[in-house]
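For the numbers below, each heavy atom of this structure counts, side chains included, while hydrogens, waters and symmetry mates do not. We count ligands from 1, going down the list as the structure has it; atoms in each ligand are counted the same way.
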Amino acid sequence: EKFKDGLSKTRDNFTSKVNDLVARYRKVDEDFFEELEEILIGADVGFETVMELIDELKLEVKRKNIQETKELQSVISEKLVEIYHGDEGHSNSLNIQSEGLTVILMVGVNGVGKTTTIGKMAHMFNSEGKKVLLAAGDTFRAGAIEQLEVWGERVGVDVIKQGAGSDPAAVMYDAIQSARARKADVLLCDTAGRLQNKVNLMNELEKVKRVIEREIPGAPHEVLLVLDATTGQNAMIQAKTFKEATNVSGIVLTKLDGTAKGGIVLAIRNELKIPVKYVGLGEGMDDLQPFDAEKYVYGLFS
Ligand code: GDP
């Protein structure tokens with residue numbers, strides 16, 4: 001239900017337009033496809049992905065000799081899910097170690113909802129009975145450490161921190177030692193989110209990752225990029241930049257509740273080949289959901 005509510009803006013926008021289109025055209029023709037293309041691009045599905053979808057739909061129309069636009073409605077959903085899953089299939093599960101410490105690195109630019117997402121994830125793991133620790137690795141932005149502490153208190157997990165301006169790699173080292181001493185299951189690491197200088201970003205992330213790798217072979221077990229769905233194509237650019245800077249294992253797409261352009265999920269997955277693992281559907285600690293393409297696409301049309 002929460003998932004459906006969170007998508008209401010996208011659903012209202014997208015579904016009403018598609019329904020209206022289907023009603024207006026009745027018969028499938030070139031103009032119908034052109035208008036469908038515009039609706040999809042308007043929903044931020046992304047140009048490449050839209051072209052791929054339209055081609056697939058046209059093939060299907062030929063193959064099944066579809067003439068009525070009504071018949072095409074369910075095919076659109078099917079194809080959207082297929083495109084999302086891709087050839088390699090899709091898993092939204094996190095690489096959680098069955099024994100010992102799991103380290104999750106959270107990356108993303110300021111304002112996208114990184115701190116909130118860390119809080120929500122801490123709450124999620126906590127509710128599963130896991131012992132969680134947070135690492136205040138954003139030592140650059142004023143207020144970042146305090147903001148993480150507010151979430152730590154709210155959720156009831158400790159935050160490992162040093163002073164503002166300290167070396168993030170040193171914070172990570174400390175946090176890993178603490179996590180070991182306390183026998184924590186999950187360490188969620190915040191990082192600085194400046195993107196003004198790609199070389200700096202890369203160097204800092206690499207340094208942080210090196211410390212983690214040295215301490216725990218195979219870690220970090222996830223590098224999750226947090227993106228703000230309301231920023232549309234900007235989110236795509238951020239994803240490309242971070243993908244070049246480090247190996248991102250998954251995406252958390254926040255503020256999906258605040259946009260009518262939820263098609264960005266498909267563009268990210270299809271064009272960047274990074275799975276969207278979780279979506280943020282509100283500001284509360286329970287407003288984080290694993291992303292399920294089928295539920296999502298069919299939710300748009302129901
Ligand atoms: P950070 O700078 O990346 O750490 O961003 P914050 O975690 O401080 O979030 C920025 C703002 O976005 C805050 O006002 C959050 O409450 C809000 N926010 C974060 N995630 C979501 C979400 O999924 N939905 C909505 N509606 N707001 C969100």
Side-chain angles (χ1 to χ4, degrees), residues 1-13 44 92 104-125 132 134-155 157 159-161 164 168 171 175 188-196 201 204-205 208 222-232 234-239 241-242 245-246 248 250-265 268 276-292 295-296 299:
E1 270 316 299
K2 200 157 231 172
F3 198 68
K4 273 184 91 171
D5 288 349
L7 295 176
S8 60
K9 284 190 184 161
T10 299
R11 186 171 59 241
D12 292 348
N13 174 40
D44 265 350
N92 59 14
I104 301 178
L105 203 58
M106 305 295 290
V107 302
V109 306
N110 295 332
V112 292
K114 190 153 38 94
T115 315
T116 307
T117 302
I118 292 172
K120 289 171 177 174
M121 292 190 84
H123 173 63
M124 176 182 81
F125 289 126
V132 185
L134 307 181
D138 184 354
T139 58
F140 183 75
R141 181 169 63 100
I145 299 170
E146 291 75 15
Q147 209 190 331
L148 196 66
E149 284 185 304
V150 169
W151 267 104
E153 238 163 73
R154 195 176 291 164
V155 177
V157 303
V159 179
I160 304 302
K161 59 167 188 178
V171 176
L188 286 168
C189 308
D190 194 11
T191 60
R194 55 204 144 125
L195 201 57
Q196 294 87 333
L201 173 84
E204 184 162 318
L205 282 180
V208 162
E222 291 280 353
V223 178
L224 298 180
L225 171 61
V226 183
L227 295 174
D228 176 345
T230 64
T231 64
N234 234 330
M236 285 293 284
I237 294 167
Q238 286 167 25
T241 308
F242 275 93
T246 187
V248 177
I251 283 167
V252 181
L253 193 62
T254 63
K255 310 184 198 179
L256 209 53
D257 55 307
T259 179
K261 296 181 160 205
I264 188 81
V265 180
I268 288 171
V276 176
K277 297 204 168 180
Y278 280 84
V279 290
L281 298 164
E283 296 182 280
M285 63 174 111
D286 285 311
D287 297 328
L288 184 77
Q289 296 266 321
F291 180 70
D292 178 325
K295 247 199 220 166
Y296 176 73

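Those atoms of ligand 1 with a heavy atom of N110 less than 4.0 angstrom away are 2 (O). The ligand atoms of ligand 1 that sit less than 4.0 angstrom from a heavy atom of G111 are 1 (P), 2 (O), 3 (O), 5 (O), 10 (C). Atoms of ligand 1 lying under 4.0 Å from at least one heavy atom of R141, given by number and element, are 2 (O), 4 (O). Within ligand 1, counting atoms from 1 as listed, the ones closer than 4.0 Å to a heavy atom of L281 are 23 (O). Contact atoms of ligand 1 toward G280: 23 (O) (distance under 4.0 Å to a heavy atom of the residue). The ligand atoms of ligand 1 that sit less than 4.0 angstrom from a heavy atom of K114 are 1 (P), 3 (O), 4 (O), 5 (O), 7 (O). In summary, the atoms of ligand 1 found under 4.0 Å from a heavy atom of K120, numbered by their order in the structure, are 20 (N), 22 (C), 23 (O). Those atoms of ligand 1 that come under 4.0 Å of a heavy atom in E283, given as number and element, are 14 (O), 15 (C), 16 (O), 17 (C), 25 (C), 27 (N), 28 (C).
With a 4.5 Å cut-off on side-chain heavy atoms, W151 and M285 count as touching. Counting only heavy atoms from C-beta outward, the side chains of M124 and Y278 approach each other to under 4.5 Å. Within the 4.5 Å cutoff, the side chain of D138 has no heavy atoms near those of the Q147 side chain. Side chains of F291 and I251 form no contact here, defined as non-hydrogen atoms less than 4.5 Å apart.
Minimum interatomic distance between V157 and A122 (heavy atoms only, all atoms of both residues): CG2-CB, 4.2 Å.
Between the K114 side chain and the T191 main chain, a donor and an acceptor come within less than 3.5 Å of each other. At least one donor-acceptor pair under 3.5 Å links the side chain of T254 to the backbone N or O of V112. Put simply, the side chain of T259 never gets that close to the backbone of K9: no donor and acceptor are under 3.5 Å apart. Looking at Y296, its side chain does come within 3.5 Å of a backbone N or O of G262 through a donor-acceptor pair.
By the 6.0 Å contact criterion, CD on E153 is open, its count of non-hydrogen atoms from other residues, nucleotides or ligands being 12 or less.
Nearest protein heavy-atom contact of atom 8 (O) of ligand 1 is Q147 NE2, 2.6 Å. Protein heavy atom at the shortest distance from atom 22 (C) of ligand 1 is G282 O, 3.1 Å. In this structure, the protein non-hydrogen atom closest to atom 7 (O) of ligand 1 is T116 OG1, 2.6 Å. Looking only at protein heavy atoms, the nearest one to atom 18 (N) of ligand 1 is K255 CE, 3.8 Å. Regarding atom 4 (O) of ligand 1, its nearest protein heavy-atom neighbour is T115 OG1, 2.5 Å. Summary of contacts: the protein heavy atom closest to atom 24 (N) of ligand 1 is D257 OD1, 2.9 Å.
The closest non-hydrogen atom to atom 5 (O) of ligand 1, taken over G284, G108, G113, G143, comes from G113.
Of the N or O atoms in T254, none lie within a sub-3.5 Å distance of an N or O in ligand 1.
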